[in-house]
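Read through the structure below, which is laid out as structure tokens, and then see the notes.
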Amino acid sequence: MDPSLLKREDRCRWVIPPTGAMRVRGVIYADRDLILGMDDKVRVQLSNVASLPGIVGDAVAMPDAHWGYGFPIGGVAAFDADAGGVICAGGVGFDISCGVRLLVSELSAAHARPRRGELAEALFRGVPAGLGSEGAITLDDIDMTAMLNGGARWAVERGWGRPEDLPRIEEGGAMGGAMPEAVSEQARRRQRREMGTLGSGNHYLEVQEVTEIFDEAVAAGYGLERGRVVVSIHCGSRGLGHQIGTEFMREMLLAAPGFGLHLPDRELACAPIRSELGTRYLGAMRAAVNCALANREIVAHLTRQVFARMFERGRLSLLFDVSHNTCKVESHVVAGERRRLHVHRKGATRALAGGHPDLPEDLRPYGQPVLIGGSMAVGSYVLVGTPEAERAAFASACHGAGRAMSRHEALRRFGGRQIQDHLASEGIVVKSPSTRGIAEEAPDAYKNLDAVVLAAEMAGLARRVARLSPFACVKG
DNA sequence: ATGTGC
């Protein structure tokens, strides 16, 4: 992206002033190098988002932003239903409530790392991964509906999780307002055998070591210390979320003329929040959120079974579970006025500051853990939300490294086997059903995670707490 | 992301 097309307001704040149909500003949080490496489509897509009806505040892009379906991935936009605001299926994305959870063990990496081959093998056998993978659970219609309403709570009730996990999950494990009746037969059918599966693409399960601490007090509050083994799980709502996204994007596109909506891009198909279609999408989307929350709870359960078998002190406690693709009704102050807004986060993480009433009591003094996934070579970060993030981005931060090149380009440039061998020589065992998938997810196909996280910190969106380095990875 | 593809 050409920085001269933007107005630089601060070291990490670049503004697209409103022109043409734009109702609000676009703001990109990034340093100069990230702007230079960012696709110009992010600027165009953010301007399009800024022209949607009822948008409030700024249309925001995160330092890891790249172009996506309609909305940029790494985009945040808030809409006021009372001001004609819309809900946009492309603003949530296909993988509804894709997200990350972090489990903390009592093990030292010195103890577990030498067994990484065995560990990766056991996790690969224990957690189904890959395109079309199926789990051991089959849901009938009644159980499907209970899952779509109950999310991780349902999984816990069925014995595939722990009650103490629930407060550590956004929404307490289950998002209210789900409408299972708004989920099509087709979406249900696709999900019947997919609970407790990782999926493919950038989804993964990683065993990592806490290698760096940036904030001792917050890290201690989170139970993170150097040398400790942790597990990151990144997955979403599988076939069900994808099917819902596909169906509603089409329906919203067909319905747009009837709503009098002039779409800047057909991929931004949307519906007024206060319409039958908008209500139905939100209900189906919330059901898909619950599907993702249940899925991550079950994948964690399968992971716990492996750890319990392999280690005497294999207990895993949930630090937090965040969603990266969602739309939630939240209360935010805009221009001095508190308003209830529908906040779209697509490839972005909620990042609440310390003291926020929505945080569980034991995390409230510190702030929300913001879980940032990277590539299979560099691992992840744990950040904490800040008060500035509320003012800058509706309490949001970045979600990962962000792709630097397309999957197609990555396939052309890298070989999955070579990447696996190289990582093995660096002490990272990667298991995957798809060698091609490993090539598509090549570490060099991603932006520099350190640079992205540093830019987020400089922009005031979140503060670094700890860095996590992988040694065993199951890749979808 | 996805029973990769209307």
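Here is the naming used below: chain letters follow the sequence lines, and residue numbers restart at 1 for every chain.
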>> If I take atom CZ in residue R266(A) and atom P in nucleotide dC6(B), what distance separates them, rounded to the nearest angstrom?
In response: 12 Å
>> Between T197(A) and R238(A), is there a side-chain donor-acceptor contact under 3.5 Å, judged purely by atom types and distance?
In response: yes
> If you measure only the distance, is there a donor-acceptor pair under 3.5 Å linking the side chains of N325(A) and H399(A)?
Replying inline: no
> How many Å lie between CD on E440(A) and C1' on dT4(B), as a whole number?
Replying inline: 9 Å
> Think R407(A) has a side-chain N or O under 4.0 angstrom from the OP1 or OP2 of dT4(B)?
Replying inline: no
> Touch check for R436(A), heavy atoms < 4.0 angstrom, all strands: base, sugar-phosphate only, or nothing?
Replying inline: base
> Would you say dT4(B) has OP1 or OP2 under 4.0 Å from some side-chain N or O of S200(A)?
Replying inline: no
> Rounded to whole angstroms, how far apart are CD on Q191(A) and P on dT2(B)?
Replying inline: 10 Å
>> Rounded to whole Å, please give me the gap between CG in N325(A) and P in dT2(B).
In response: 11 Å
> Touch check for I96(A), heavy atoms < 4.0 angstrom, all strands: base, sugar-phosphate only, or nothing?
Replying inline: nothing
> Rounded to whole angstrom units, what separation is found between the CD atom of E267(A) and the P atom of dC6(B)?
Replying inline: 13 Å
> Looking for any heavy atom pair under 4.0 Å, which part of the strands does R189(A) touch: base, sugar-phosphate only, or nothing?
Replying inline: base
>> Using a heavy-atom cut-off of 4.0 Å across all strands, would you classify E441(A) as base, sugar-phosphate, or nothing?
In response: sugar-phosphate
>> Between R192(A) and T138(A), is there a side-chain donor-acceptor contact under 3.5 Å, judged purely by atom types and distance?
In response: no
> dT2(B) P sits how many Å from R250(A) CZ, rounded?
Replying inline: 19 Å
> With a non-hydrogen cut-off below 4.0 angstrom, is G236(A) in contact with a base, only sugar-phosphate, or nothing?
Replying inline: nothing
Using residues 71-81 of chain A as the side-chain source, report each donor-acceptor pair under 3.5 Å to any protein atom, sequence neighbours left out, with the distance given to one decimal.
residue : atom : partner : partner atom : Å
D80(A)  : OD1  : D82(A)  : N            : 2.8
D80(A)  : OD2  : R339(A) : NE           : 3.1
D80(A)  : OD2  : R339(A) : NH2          : 2.8

> Whole Å only: how far is the CG atom of L411(A) from the C1' atom of dT4(B)?
Replying inline: 11 Å
> What is the distance, rounded to the nearest whole Å, between atom NE2 of H203(A) and atom C1' of dT4(B)?
Replying inline: 15 Å
>> Using a 4.0 Å heavy-atom cut-off, does Q186(A) contact any base of the nucleic acid, only the sugar-phosphate backbone, or nothing at all?
In response: base
> Do other residues, nucleotides or ligands put more than 12 heavy atoms under 6.0 Å from the CH2 atom of W67(A)?
Replying inline: no
